[in-house]
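First the structure, in the form of structure tokens, and then the observations on it.
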Amino acid sequence: MATDTLKRTPGAGGAAGGLRRLLLENGALTALIVLVIAMSALSGDFLTTDNLLNVGVQAAVTAVLAFGVTFVIVSAGIDLSVGSVAALSATVLAWTATSHGVPVLIAVLLAVATGIAAGLVNGFLIAYGKLPPFIATLAMLSVARGLSLVISEGSPIPFPDSVSHLGDTLGGWLPVPVLVMIVMGLIAAFVLGRTYIGRSMYAIGGNEEAARLSGLRVKKQKLAIYALSGVFAAVAGIVLASRLSSAQPQAADGYELDAIAAVVIGGASLAGGTGKASGTLIGALILAVLRNGLNLLNVSAFWQQVVIGVVIALAVLFDTLRRKAGATPSAAGASPGGKGKQAGTYALAAVVTVAIVGATSFLHNGSSASADRKMGLSLSTLNNPFFVQIRAGAMAEAKKQGVDLTVTDAQNDASQQANQLQNFTSSGVGAIIVNPVDSDAASNSVKAADKADIPVIAVDRGVNNARTEALVASDNVAGGELAAKSIAEKLGGKGKIVILQGQAGTSAARERAQGFENGLKAFPGIQVVAQQPADFDRTKGLDVMSNLLQAHPDVQGVIAANDEMALGAIKALGSKAGKSVSVVGFDGTPDGLKAVEGGSLYASVAQQPTQLGRIAVDNALKALDGEKVQQTVKVPVKVVTKENVAGFSG
């Protein structure tokens, strides 16, 4: 069985040769050092105690997930389900402890048992069902996410206070998630290096048939390996939900890719047989440092995804070149002084990094002098024209007022938004504007900003259980009522309609759905024949509406929770749209207004998003200057139809 401990290549002598070996044999560590030095040189806000602790917290969930995935990848498998299993485990904990009064300790055990059960199902399908790991775990990804939504009914569930402390700090400065990451990393290292099952992982990954012929019970070992991955996913889910003070059914979406990337960046091979916990930790830290640094450097949210992808590719390419340079794997235990040498390598790397970073810190003396003219804006997503317009309004007002505005895209991920808000707080911006992915999940990060005396303005959606200087928003419930009234009046108070809902679990989707329900109560002649989520997405709106038309070809009206879904529905309806079928959207986006003008979209409940962004920046400046700010600043919604669209400006 093989590990990724590398032998020296002969012929390279002296200090230069030693440095070359150090760099080549520790590709991930070298990449991390280069990143830390680069970020320290480029941003004076990076090298602060608070920010470095932020990096640790932001790496914690990915690292814990990745430790579990390391077991699977070392054994030449793959696990795409860990993100969904993390969300399901956290949901089970919150649901049993909060909704059903189960003692917290038992609820935690049930959450861990959920992770184990999901892992065992994966292992059984792979070992005994002969399914490829990719297919088996892809199926579990969908099943676990669906169960999380079913149990929670698409809404976040408050986390028990006793467990929420996992998201706190010890002594007011040491984050508990970092401690959990370290403990789980030590457990992973022990399992890989000191146990029978760990040696079995390397044997199966190196040559499964040889392992079987040598007497190893490969099928049973695979069950145990995937069960371990499930345990680590459950722990990661609990830590993530603790940070957000709630179990989010859509939490950790896409985190399986980050976990796999962290393992591969850390030196493991997807072909199996190599990998170690320390490398995985370094891989997770690389991703966290990269995201943190790009936020601080005000890199465009769109370019951040490009940069992260390129860095992942370069890190793996560097590792491939390192292997081709002559380094060869050695048998486990072949190097008696290997562990001491490895510890010495890490110590030397730390000393070199501290020395260089300390030197670069002199470049940034006094860099925070104008922090009061710096603001951070965290938007729930920029993959939607409505929020793009909020950004445009905010940036235009910031430019007018001479404010340095940093805009980030949370990509509808409450955890990623929490990271972004923490980055803003640690970098000492003058004010923060947040458009929450979820009103509950943003509370802890907003409390931290308030503790740091940084005023926070909420835009479009409020923040629950935390103090904000102001909420600049339209009323989603009132807007939903207007949409329902518009479609009902258009149909003369009678008819069959369908409702396209937003992304399950988001506050906007819940509030608008509540408004639709309230508004339709006044029109008993309107029959809702179907309600389905289309995730605020135009393509999904097209697909869902096409499917619904098969069952309800006689539908006469459509209410969509945003213009994007409405436009997708119009495409599915074809020539029926605007003639035999009336469609009402929500948001008043440019494409939506064009459709209103053209007649295919009957109406859009317009929220004037550009005004939301402008007013949010204006109120943030007032709060900074100590001026009185209204607690709630309402930007009125307006039903835009063909009759008044010409005079409307968002």
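This is a predicted model, so every value here is computed, not measured.
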Sub-4.5 Å side-chain heavy-atom contact between [X] and [Y]:
| X | Y | result |
| --- | --- | --- |
| V617 | I433 | yes |
| Q607 | V605 | no |
| L93 | P160 | yes |
| V263 | T280 | yes |
| F586 | M565 | no |
| N476 | Q514 | no |
| N54 | N419 | no |
| V544 | L500 | yes |

Side-chain donor or acceptor of [X] paired with backbone N/O of [Y] under 3.5 Å:
| X | Y | result |
| --- | --- | --- |
| R373 | G430 | no |
| R461 | P436 | yes |
| T98 | A94 | yes |
| S40 | V36 | yes |
| S474 | V635 | yes |
| S242 | V163 | yes |
| T137 | L80 | yes |
| S427 | F424 | yes |

Checking V82, V61, I260 against Y255 for side chain to side chain contact (heavy atoms under 4.5 Å, CB included), the one that qualifies is V61
Partner of L294 under side chain to side chain contact (heavy atoms under 4.5 Å, CB included), picked from L290, L296, N292, is L290
request  = Could you go through the side-chain contact (heavy atoms from CB on, under 4.5 Å) check for D591 and L567 one step at a time?
outcome  = CA-CA 8 Å; D591 284 352; L567 292 169; 3.7 Å; yes
To the closest 0.5 Å, what do you measure between [atom1] ([X]) and [atom2] ([Y])?
| X | Y | atom1 | atom2 | result |
| --- | --- | --- | --- | --- |
| I78 | E256 | CD1 | CD | 10.5 Å |
| M375 | D404 | CE | CG | 10.5 Å |
| T381 | N412 | OG1 | CG | 4.5 Å |
| I286 | L281 | CD1 | CG | 10.0 Å |
| E481 | D475 | CD | CG | 7.5 Å |
| I457 | I432 | CD1 | CD1 | 10.5 Å |

For a quick test of reading the model, state the closest non-hydrogen atom pair linking [X] to [Y] and the distance between them.
| X | Y | answer |
| --- | --- | --- |
| S246 | D440 | OG-CB, 4.3 Å |
| S378 | Q417 | OG-NE2, 3.1 Å |
| S445 | Q422 | OG-CG, 4.5 Å |
| A398 | L405 | CB-CB, 3.8 Å |
| R243 | N444 | O-ND2, 2.9 Å |
| L52 | F46 | CD2-O, 4.0 Å |

With no hydrogens and no angle check, just 3.5 Å: does a side-chain donor-acceptor pair link [X] and [Y]?
| X | Y | value |
| --- | --- | --- |
| N423 | Q58 | yes |
| S152 | T91 | no |
| D79 | S81 | yes |
| D50 | S426 | no |
| Q248 | D438 | yes |

With side-chain contact (heavy atoms from CB on, under 4.5 Å) as the criterion, how do V239 and V64 come out once you've worked through the C-alpha distance, each side chain's angles and the decisive distance to 0.1 Å? CA-CA 9 Å; V239 172; V64 174; 5.7 Å; no
Hey, can you pull the donor-acceptor pairs under 3.5 Å for the side chains in residues 619-634, sequence neighbours left out?
residue, atom, partner, partner atom, Å
N619, ND2, I615, O, 2.8
Q631, NE2, T468, O, 3.2

Intermediate values then yes/no, side-chain contact (heavy atoms from CB on, under 4.5 Å), V437 and Q411: CA-CA 9 Å; V437 172; Q411 300 175 4; over 6 Å; no
Sorted by chain and number, sequence neighbours left out, side chain to side chain donor-acceptor pair (under 3.5 Å) with N435 holds for S380
A quick test of your reading: do over 12 heavy atoms of other residues, nucleotides or ligands sit less than 6.0 Å from CG of D618? yes
Charged N to carboxylate O under 4.0 angstrom, D587 versus R512? yes
- Query: Run the side-chain contact (heavy atoms from CB on, under 4.5 Å) check on Q503 and F536 step by step: do they pass?
  - Reply: CA-CA 6 Å; Q503 186 173 22; F536 293 126; 4.1 Å; yes
